[in-house]
Amino acid sequence: MEKPPKPHLIRDFALYPAYLNRSEQEDLVADLRDILKAAPLFQPITPRGQKMSVRMSAAGRFGWISDRSGYRYSPTHPDGTPWPDIPDSILKIWNTVSGCDRMPECCLINWYGEGARMGMHQDRDEADFGAPVLSISLGDDGLFRMGNDTRGGKTESYWLKSGDVVVMGGAARLRYHGVDRIRFGSSTLLPKGGRINLTLRVVS
DNA sequence: AAGTCTCT
DNA sequence: TGGC
C-alpha cells in the first residue's frame, strides 16, 4: 500500500508509467502462464462475423466474450469451463491503485500479436460505471488512443510500455479508446513477443 | 439496440 | 459509417 506515485492525469485518465518493475512483470507473466493453461487464448468473432485480431482469455467470475450472438460477460470460457481465479498479484495492484471498494470480477487478458489492433470502443457492458477500469501493459509497446464520450472529435495517443498501469475512472470511464498499433519485438518480456493487456473490471 | 469491424 |  505504499506504491502509487503521482500519475500523469489527462482528463481523468490516469497513467502510471513504469508502475511495475521488471521482476514484478516477470512474476505476473508466470501467473498468466498458469491461467492460460486452464483457459487458453481464443480469437473472438464480432457479431457481424469478423475475426478480432487480438486473442483473448480471462480470469475471475466473468470473462468478456464476443461471438455471432453478441458481446457479453460470461462465467465460462467458450470451451465451457469456468475461468480461473484472478491471482493475488493482480488483485494487489487493483487494491493499491483503483480507489474502488469493490473487487474486480473480471481480468480480461488480451494478447496482441504482430499487426493486432483494437478498434475504438467504449467499455459499457458493465452494470456499474462508478467502478473504474484498470489496465496493465506487459510486453511490447502499444499505441493507445483516447477519444471522447461519443465517436469522433479530437483524440490523444500514448505509447504504453511494459509495466505501465492506466486507470479510466470518473469522467474518463466511458470514453472511446482503442489500440492503433504494436511495436512488435520492442520488449524482451514475452519470449514469443507481442503485447499483453490485462483489464480489470467490476462487471455486476 | 448495437457494439471492439473495416473503410475513407 | 453501416446495421446482426
Side-chain angles (χ1 to χ4, degrees), chain A residues 10-15 32 35-36 39-79 83 104-160 164-184 194-204:
Chain A
I10 310 105
R11 299 193 301 162
D12 264 348
F13 157 89
L15 167 56
L32 291 175
I35 293 171
L36 294 177
L41 292 168
F42 59 95
Q43 191 164 16
I45 306 287
T46 67
R48 307 163 77 170
Q50 293 131 149
K51 272 185 181 167
M52 294 180 65
S53 54
V54 299
R55 291 173 187 276
M56 294 188 177
S57 186
R61 305 210 310 120
F62 300 102
W64 184 90
I65 62 172
S66 172
D67 57 25
R68 293 201 146 75
S69 50
Y71 299 161
R72 63 201 175 277
Y73 280 101
S74 164
T76 54
H77 186 278
D79 71 10
W83 307 102
E105 299 170 306
C106 173
C107 175
L108 232 210
I109 302 165
N110 285 166
W111 183 77
Y112 294 76
E114 190 158 23
R117 295 176 291 111
M118 177 74 79
M120 295 290 279
H121 66 281
Q122 288 175 300
D123 286 7
R124 51 158 155 165
D125 296 330
E126 303 78 26
D128 177 11
F129 299 140
V133 172
L134 187 153
S135 130
I136 302 166
S137 295
L138 295 169
D140 291 341
D141 304 346
L143 185 59
F144 179 85
R145 186 149 56 102
M146 269 294 289
N148 307 99
D149 290 339
T150 57
R151 294 199 113 106
K154 291 192 303 258
T155 63
E156 295 153 332
S157 294
Y158 311 94
W159 278 104
L160 296 182
D164 289 355
V165 169
V166 158
V167 180
M168 289 175 66
R173 177 62 180 76
L174 288 171
R175 289 220 171 99
Y176 278 86
H177 57 280
V179 175
D180 287 336
R181 56 187 216 261
I182 299 301
R183 265 179 196 140
F184 194 81
R195 171 176 189 259
I196 288 178
N197 185 65
L198 267 22
T199 317
L200 299 169
R201 300 185 183 87
V202 173
V203 344
S204 63

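Throughout, protein chains are lettered first and strands after them, A, B, ... in sequence-line order, and every chain is numbered starting at 1. Just so it is clear, the values below take in all heavy atoms, side chains as well, and ignore hydrogens, waters and symmetry mates. On a predicted model such as this, the values are computed, not experimentally measured, just so you know.
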Specify the separation, in whole Å, of atom [atom1] of [X] and atom [atom2] of [N].
X	N	atom1	atom2	answer
A/M146	B/dT4	CE	P	17 Å
A/H121	B/dT6	NE2	P	15 Å
A/N110	B/dC5	CG	P	10 Å
A/M120	B/dT4	CE	P	11 Å
A/D67	B/dC5	CG	C1'	15 Å
A/R72	B/dT4	CZ	P	17 Å
A/R201	B/dT4	CZ	P	15 Å
A/R55	B/dT4	CZ	P	21 Å

TODO: Could you tell me whether A/G70 contacts a base, only the sugar-phosphate backbone, or nothing, with contacts defined as non-hydrogen atoms closer than 4.0 Å?
DONE: base
Open item on the list: Mind checking if A/D123 touches a base, just sugar-phosphate, or nothing, with heavy atoms under 4.0 Å?
Closed with: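 A/D123: no heavy atom of the nucleic acid under 4.0 Å.
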Open item on the list: Can you tell me how far apart CE (A/M56) and CD (A/Q43) are? Round to the nearest 0.5 Å.
Closed with: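 A/M56 CE to A/Q43 CD: 10.0 Å, rounded to 0.5 Å.
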Task: Side-chain donor or acceptor of A/S53 paired with backbone N/O of A/R117 under 3.5 Å - done: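 Checked: pair present.
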- [ ] Please check the phosphate of B/dT4 (OP1 and OP2 only) for any side-chain N or O of A/R48 closer than 4.0 Å.
- [x]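 Result: no.
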Open item on the list: Would you say A/R151 places a side-chain N or O within less than 4.0 Å of OP1 or OP2 belonging to B/dT4?
Closed with: yes
- [ ] Just jot down the side-chain hydrogen bond (donor to acceptor under 3.5 Å, both in side chains) partners of A/D149, sequence neighbours excluded, or say none.
- [x]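 Here no residue qualifies.
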- [ ] With A/D123 as reference, evaluate A/R201, A/R173, A/R175 under the side chain to side chain donor-acceptor pair (under 3.5 Å) test and give the passing residue.
- [x]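 The residue from A/R201, A/R173, A/R175 that satisfies side chain to side chain donor-acceptor pair (under 3.5 Å) with A/D123 turns out to be A/R201.
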